[in-house]
Amino acid sequence: MTARKSFNARLRTATPPIVGGLVASTLLITACRTQSEYASIGTLTPTVAVGSRGYELYQNNCAACHGPAGRGDGMFAFVLNTRPRDFWNEPFRYVSTLDGIATKEDVIQSIQHGRINGEMPGGQWLTGDDLSVLADFVIELNRLGWEERLREEFAAEGLSEEEIQEISLERVTTEQPAQTPVPSPSFAADLARGRDLYAQSCASCHGLSGRGDGLDVPRDEQGRAIAVRDLANEPIRGGDSPEELFNRIRSGIPGTPMPGQPLMAPDDVWQLVHYTRYIMGRPISSSPDALLTPSTDR
Amino acid sequence: MRPRLTHLACLMVPIGLIAMVGVGQQPRRPSYEAIEVKSGGTIVGVVSYEGTPPARERVDVTTSEEVCHASPIYSDKLVVSEEGGVRWAVVSLKDIERGKAFPEPDPEKQPTLDQSGCVFKPHVVVVPQGQSLRVLNSDGVLHNVHTWSKLNRSKNVAMPGVIEETSMKFRRPERIRITCDIHPWMEAYSVVSEHPYAVVTDKDGRFKLTDVPAGKYAITMWHESLKTEIIQSVTVERGKESKVEFTLSKTAP
């Protein structure tokens, strides 16, 4: 029926043989490289130590794409259309907080459901405990990345080891777990309002028609070219249910040009959720309740 | 189907590599203590450009043309006066432990960064640690205020034209680069300082630090074209004026 559904259906049958097979074979080839490279990546805390449960799970399920050490350079990475995340140097993008830092739950969501419509497969076979261990693992790599950069850049200027520890932890710990706010009772979808808000806050980058043609040479925080999403034709990577879109629009996409909208009233963000779905050619329901029931086309 | 990997073949990797982070013995950087400064000294000086400064670049305006084309935009990256003074350099006393307090926060004089004519004004703004930076949008078009902070949490906040003002707070002293992704030429620096002895050079490249307790200090000059700051030492005597000169050269580190 919808693109998402058929894709999910495809994914369910296609994932194990194709992705699983490739993952397994690349892992075998890189097995030894993996351990020595991994061990030389720098400081290893217990959460990510060689032989820890997180390490085992990560090497078995994730390293083929995300790289033996989590730097986004797995053997399989170059055949993907999207670069796997470099956990050391890039922030998590799919967050539900206003300070741009992923909660553990956000990370678990990404691992469990997969991202970018299946280029990162969903880990449906992982248990809740596996997911939790893996989330801790990648968050810790992210923190170690901060440690590494802070040490490189500021140790000579007198930043103490204690401060490096403190700041690196702060950079991966959110202070504002964002609850998805409930639309106000008087809320009703209003596409004219949505269009105005979109023109004010989104069109500069996404273009008035949503084609992603507003910016000249957008770059991510690593300085690499990044495309503004064509909302009319390209898939949404972080999930396209109303709640997920709400978070994406309100929190922005850390590490990319897309800003958060902390200054926008939540009901206006909901109007933008509707308008974005309208651009995507999705059904719009105007009742606030419909926004909160998980979308059926997932 | 769950791919398995046996690590057994590779167990030669010594377990000893699993090292806990040694929490360093280094002392924390001294934190600043505000005291009453009676008959301190003054440091004055200038930052000069060595050689012939390049002409200021005219920015190629590609987005929000109606607003941003209102008047030509010239890059603030390197602004040198006719006499060779470098504007927008930051001169600061390094690791000063004791000195005057910041002036009482005054709503009229709050550190402010305006987005006006698709330029951040001023290009460099000093923010006392603990105070907020007021951020304005006078353009009526969408800007996004994107900070590149490392010691402080990063922010990337949309400021649509209908929003004229917001504020940002940074906990730790840091020189923070701020950009706008929609207008890629827009760039500013917010210098969060622990103490009031941090100033931005004026259009002639001059600076002045007042009420400095007598003593010997490391004084630093930073300009965005430099990778690291330039450090000199300066001696301040009660009630006297000390002179310091910095040069910025094309080949500086």
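Sequence lines set the chain letters: A, B, ... in the order given, protein chains first and strands last, and positions in each chain run from 1.
If you measure heavy-atom distances from Ile163(B) to chain A, the contacts under 4.5 Å come from the side chain alone. Interface remark: Val141(B) contributes no atoms to any contact with chain A (heavy atom separation under 4.5 Å). For Asp99(A), the parts lying under 4.5 angstrom from a heavy atom of chain B are both the backbone and the side chain. Looking at Thr256(A), only its backbone comes within 4.5 Å of chain B, counting heavy atoms on both sides. If you measure heavy-atom distances from Lys150(B) to chain A, the contacts under 4.5 Å come from both the backbone and the side chain. Contacts of Leu150(A) with chain B are made by side-chain atoms alone, with heavy-atom separations under 4.5 Å and no backbone atom involved. Proximity to chain B is limited to the side chain of Pro262(A), based on heavy atoms less than 4.5 angstrom apart. Proximity to chain B is limited to the side chain of Glu153(A), based on heavy atoms less than 4.5 angstrom apart. In this structure, the portion of Ile101(A) lying under 4.5 Å from any heavy atom of chain B is its side chain and not its backbone.
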Verdict with reasoning, Val162(B) to Gln200(A), per side chain to side chain contact (heavy atoms under 4.5 Å, CB included): CA-CA 8 Å; Val162(B) 292; Gln200(A) 275 166 18; 3.7 Å; yes
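At least one donor-acceptor pair under 3.5 Å links the side chain of Asn156(B) to the backbone N or O of Pro257(A).
Considering every non-hydrogen atom in both Ser204(A) and Ile182(B), the closest pair reads CB-CG2, 3.8 Å. When all heavy atoms are compared, the tightest approach of Ser149(B) to Arg171(A) is O-NH1, 3.0 Å. Summarising the geometry of Trp148(B) relative to Asp220(A), their closest heavy-atom pair is CH2-O, 4.5 Å, with the distance given to 0.1 Å.
Atom OG of residue Ser154(B) and atom CD of residue Glu221(A) lie 6.0 Å apart, to the nearest 0.5 angstrom. Rounded to the nearest 0.5 angstrom, Asp216(A) CG and Asp181(B) CG are separated by 13.0 Å. Rounding to the nearest 0.5 Å gives a distance of 13.0 Å between OG1 of Thr179(B) and CZ of Arg219(A).
The pair Arg172(B)-Glu170(A) meets the salt-bridge criterion, since a charged nitrogen lies less than 4.0 angstrom from a carboxylate oxygen.
In this structure, Gln222(A) places its CD atom where more than 12 heavy-atom neighbours from other residues, nucleotides or ligands lie under 6.0 Å away. Within a 6.0 Å radius of CD in Glu165(B), more than 12 heavy atoms belonging to other residues, nucleotides or ligands are found.
Ile167(A) has its side chain out of reach of Asn152(B): every pair of non-hydrogen atoms, C-beta onward, lies at least 4.5 Å apart.
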